[in-house]
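Some notes on the structure that comes next.
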Amino acid sequence: MAVVHPTDTERVAARPTVDIAGTPWPVYKLEALFAGVVVCLMLALITGSVQAAVLGAATVAALRWVLGAARR
């Protein structure tokens, strides 16, 4: 018979956060938003197409967000 002792569980290391308006935000989310804004501005200036800039920025931001969430 197996016995579980809840006090013997290991704690998962907390991710680094930044406090914004009283709410802790994981750093990877802020990095994803920043990368998306930078890519959007760069592509808008380079291509002159807002549609391509938004699509590229959304792709970069989503990839960074997913990779940051998956890395534990």
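Treat the numbers as computed from the prediction; the structure is a model and nothing was measured.
Residues Ala61 and Gly36 share a closest heavy-atom pair of CB-CA, 4.1 Å. Across all non-hydrogen atoms, the minimal contact from Asp19 to Pro24 is OD1-N, 3.9 Å. Of all heavy-atom pairs between Ala52 and Thr47, the closest is CB-OG1, 4.4 Å. Here the closest heavy-atom approach between residue Tyr28 and residue Trp65 is recorded as CE1-O, 3.5 Å.
Cluster membership for Val60 and Met42, using ILVMFWY side-chain heavy atoms within less than 4.5 angstrom, is not shared. Taken together through direct or relayed side-chain contacts under 4.5 Å among Ile, Leu, Val, Met, Phe, Trp and Tyr, Leu33 and Ile20 form part of one hydrophobic cluster. The hydrophobic cluster containing Val27 also contains Leu30, counting ILVMFWY residues as joined when their side-chain heavy atoms lie under 4.5 angstrom apart, directly or transitively.
Atom CZ of Arg15 is separated from atom NZ of Lys29 by 9.0 Å, given to the nearest 0.5 angstrom.
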